[in-house]
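Below: the structure, in structure tokens.
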Amino acid sequence: MIVMQDLLFSGVKPTGTLHLGNYIGALKKWTEIQHLYQCYFCIVDLHAITVPQDPAQLRKDTLDIAATYLAVGLDPKRCTLFIQSEVPEHAELAWILGCVAKMGEMERMTQFKDKSQKGGRERSGLGLFSYPALMAADILLYDTTIVPVGDDQTQHIELTRLLAKRFNDKFGSTFTLPEILLQKHGARIMSLTDPAKKMSKSDESKSGVIMLDDEADTIHHKISRAVTDSGSGVVYDLEKKPAVANLMTIYHHMTGKTMKEIETLYAGKGYGDFKTGLAEVVIEHLAPITKKLKEYREHPQELQNILDHGRDAAHHAAREKMKLVRDRVGLGRG
Ligand code: ATP
Ligand code: LTN
């Protein structure tokens with residue numbers, strides 16, 4: 001009997017230390033479901049160069065994301081952990097998918113609109129524009145069925161499905177259409193200082209962003225200064241109290257408590273008490289992660305071995321898939 005096994009793929013850009021939004025929206029979920037599926041977790045360094053980068057810093061950040069993957073509890077015996085640029089088939093398939101995609105489709109991507117806003121569209125890199133084709137290549141190379149990401153990536157997954165379907169219709173069945181997997185709460189953690197903006201690595205002000213390696217004092221300080229809503233009760237109401245709802249979502253993920261349980265715990269208490277409690281649970285939850293992160297940063301050799309092994313495993317699978325893709329498209333001499 002053939003059992004269709006789901007395959008999970010996700011990735012993070014090495015553009016700096018990860019924050020609580022990355023953890024809650026993506027990595028925490030990965031650790032919870034890694035035993036259920038065959039998993040590939042990639043460090044997408046080719047995506048990182050779609051915005052200006054310092055070469056030495058990029059290398060450092062790349063290893064640091066690998067350290068973070070291990071520190072949050074991804075098991076390298078179960079998951080393939082690897083660096084995107086070390087498997088050249090990603091870039092090759094991205095080119096082919098770029099020839100399948102339409103300009104209008106790429107232009108509609110909100111991530112491109114956001115990221116090109118600062119320098120202006122005319123001055124934005126072509127790579128930033130075609131970013132989604134590379135992301136589609138990452139996913140489609142491995143016959144991925146599930147992509148666990150934050151909801152800022154929903155549009156990219158929809159485009160990936162569209163490109164896969166168009167390719168299949170034109171050249172014959174080649175790619176599997178993936179599904180997005182979102183957290184029920186926490187698919188979009190907002191900045192502590194601006195609840196209308198997502199918590200982001202590239203945010204210039206770090207006061208609204210809790211980094212996974214922030215010291216306890218810093219976490220206390222950032223949470224104590226977090227913006228709240230008018231009124232005083234700790235009540236989950238996304239429409240009327242978006243800032244408090246965001247803090248409650250963080251609390252929920254740090255403790256496993258439901259929104260109702262959190263409301264009961266803080267009934268009759270004010271925002272000050274809630275923020276103190278929140279800082280404590282965040283510090284407690286992150287402490288073992290921060291400790292392991294520090295250990296992996298100090299002993300990078302183990303990371304190197306894991307990444308070598310991951311590269312070989314991913315390359316093997318990608319090479320096979322690309323043989324089929326080249327054949328379908330009619331590239332080379334056959
Ligand atoms: P950058 O600011 O450099 O664009 P980022 O903080 O958005 O970075 P990514 O590397 O793009 O981080 O994202 C890694 C993963 O974390 C993705 O799955 C993304 O959807 C998720 N993610 C990012 N920010 C948040 C957030 N604020 N809430 C929930 N998930 C998030
Ligand atoms: N675009 C994603 C990172 C990313 C990714 C992927 C996520 C690149 N390739 C493939 C899932 C699957 C981001 O900005 N967070």
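As the structure lists them, so they are numbered: ligands from 1, and atoms in each ligand from 1. All values below come from the heavy atoms of this structure, side chains included, with hydrogens, waters and symmetry mates left out.
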Please could you name the atoms of ligand 1 that [X] approaches to less than 4.0 Å, counting only its heavy atoms?
X	value
Ala26	15 (C), 16 (O), 18 (O)
Arg188	28 (N), 29 (C)
Gln153	20 (O)
His19	6 (O), 24 (N)
Ala187	28 (N), 29 (C), 30 (N)
Thr15	3 (O)
Ser200	1 (P), 2 (O), 6 (O)

Closest approach of any protein heavy atom to [atom], naming residue and atom:
atom	result
atom 30 (N) of ligand 1	Gly21 O, 3.2 Å
atom 3 (C) of ligand 2	Gly11 O, 3.7 Å
atom 17 (C) of ligand 1	Gly150 N, 4.1 Å
atom 14 (O) of ligand 2	Tyr131 OH, 2.9 Å
atom 9 (N) of ligand 2	Asp138 OD2, 2.7 Å
atom 9 (P) of ligand 1	Lys201 NZ, 3.7 Å

Kindly compute the distance separating [atom1] ([X]) from [atom2] ([Y]), expressed to the nearest 0.5 Å.
X	Y	atom1	atom2	value
Ile250	Ile210	CD1	CD1	5.5 Å
Leu162	Leu97	CG	CG	11.0 Å
His315	Glu89	NE2	CD	3.5 Å
Leu140	Arg161	CG	CZ	10.5 Å

Are [X] and [Y] ion-paired here, with the side-chain N under 4.0 Å from a carboxylate O?
X	Y	result
Lys197	Asp203	yes
Asp213	Arg297	yes
Lys198	Asp152	yes

* To do: Kindly check if the number of other-residue, nucleotide or ligand heavy atoms within 6.0 Å of CD (Gln304) is above 12?
  => yes
* To do: Let me know which of Lys113, Arg121, Lys102 forms a salt bridge (Lys or Arg N to Asp or Glu O under 4.0 Å) with Glu107.
  => Arg121
[X]: numbered ligand 2 atoms lying under 4.0 Å from its heavy atoms:
X	value
Val44	8 (C), 9 (N)
Val147	11 (C), 12 (C)
Gln153	1 (N), 2 (C), 13 (C), 14 (O), 15 (N)
Val149	7 (C), 11 (C)
His47	8 (C), 9 (N)

Are [X] and [Y] packed together at the side-chain level, in the sense that at least one heavy-atom pair is separated by less than 4.5 angstrom?
X	Y	answer
His185	Met248	no
Thr154	Glu158	yes
Phe112	Ser124	yes

Does ligand 1 come near enough to [X] that some N or O of the ligand is less than 3.5 Å from an N or O of the residue?
X	value
Met190	no
Met199	yes
Lys198	yes

* ILVMFWY cluster, Val72 and Val44 together (side-chain gap under 4.5 Å) -> no
* Is there a donor-acceptor contact under 3.5 Å from the side chain of Arg328 to the main chain of Ser173? -> yes
* Ignoring hydrogens and angles, tell me if any N or O in the side chain of Lys29 forms a donor-acceptor pair with the backbone of Val149 under 3.5 Å. => no
* **Distance-only N or O hit between ligand 2 and His156, under 3.5 Å** => no
* Test of proximity, Ser10 against ligand 2: N or O pairs below 3.5 Å -> no
* Examine the proximity of ligand 1 to Asp152 and report which part, side chain or backbone, both or neither, has a heavy atom under 4.0 Å away. => side chain
* To do: May I ask you to identify, for Ser10, whether its side chain, its backbone, both or neither come under 4.0 Å of ligand 1 on a heavy-atom basis?
  => neither
* To do: Answer yes if the side chains of Asp217 and His220 hold a donor-acceptor pair under 3.5 Å, and no otherwise.
  => no
* Out of curiosity, is Lys115 lining ligand 1, as in a heavy atom under 4.0 Å away? -> yes
* Report yes or no: does Val12 have a heavy atom closer than 4.0 Å to ligand 1? => yes
If you take the nearest heavy atom of each of [options], which one is closest to [atom]?
atom	options	result
atom 13 (O) of ligand 1	Val44, Ile189, Asn22	Asn22
atom 11 (O) of ligand 1	Lys29, Lys13, Lys28	Lys13
atom 5 (C) of ligand 2	Met135, His90, Lys13, Gln84	Met135

* **Ring-ring centroid check His253 Tyr23, cutoff 6.0 Å** => no
* Run the ring-centre check on Phe274 versus Tyr251 and record whether the distance is less than 6.0 Å. => yes
* With backbone taken as N, CA, C and O and side chain as the heavy atoms from C-beta onward, which portion of Ile139 lies under 4.0 Å from ligand 2: side chain, backbone, both, or neither? -> side chain
* Under 4.0 Å, heavy atoms only, figure out whether ligand 2 is touched by the backbone of Val12, its side chain, both or neither. => neither
